[in-house]
Amino acid sequence: MLDRGKLQSAMLALTVASSALFFPPLVYVFDRPVNRFGVPQIILYLFGAWLLMIVLTALLTRKLPPEPMSEADEGEG
């Protein structure tokens with residue numbers, strides 16, 4: 001099992017990578033007048049990348065252990 005720090009680093013790397021996928025230089029590569037299954041290639045790329053980021057975020061979040069409660073939180077409630 002990975003520790004919390006490594007998982008948080010992985011989440012940060014995933015965030016940076018996912019934002020890079022939607023910046024124009026990479027998006028322009030897929031902006032061609034090509035249709036796949038009747039759908040423009042750019043639409044497949046954008047929604048495919050978005051779905052991939054959602055799945056990877058869900059997988060990393062499930063492995064993240066709950067944050068331990070601080071002493072200030074224990075007195076409330």
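When every heavy atom of P25 is checked against every heavy atom of V29, the shortest pair comes out as O-CG2, 3.5 Å. Heavy-atom minimum distance, P40 versus N35: CA-OD1, 3.3 Å.
Cluster membership check: Y45 does not share its hydrophobic cluster with V55, using side-chain heavy-atom separations under 4.5 Å among Ile, Leu, Val, Met, Phe, Trp and Tyr.
In this structure, the separation between CE on M11 and NZ on K63 is 13.0 Å, given to the nearest 0.5 Å. Here S9 contributes atom OG and L60 contributes atom CG; the two are 11.0 Å apart, rounded to the nearest 0.5 Å. Rounding to the nearest 0.5 Å places CG of L14 at 8.0 Å from CG of L52. With rounding to the nearest 0.5 Å, the separation of CE in M53 from CG in L56 is 5.5 Å. Y28 OH to D31 CG: the interatomic distance, rounded to the nearest 0.5 Å, is 8.0 Å.
Residue F22 places its CZ atom among more than 12 non-hydrogen atoms of other residues, nucleotides or ligands, all under 6.0 Å distant.
When the options L51, L44, I43 are evaluated for a side-chain contact (heavy atoms from CB on, under 4.5 Å) with F47, the one that passes is I43.
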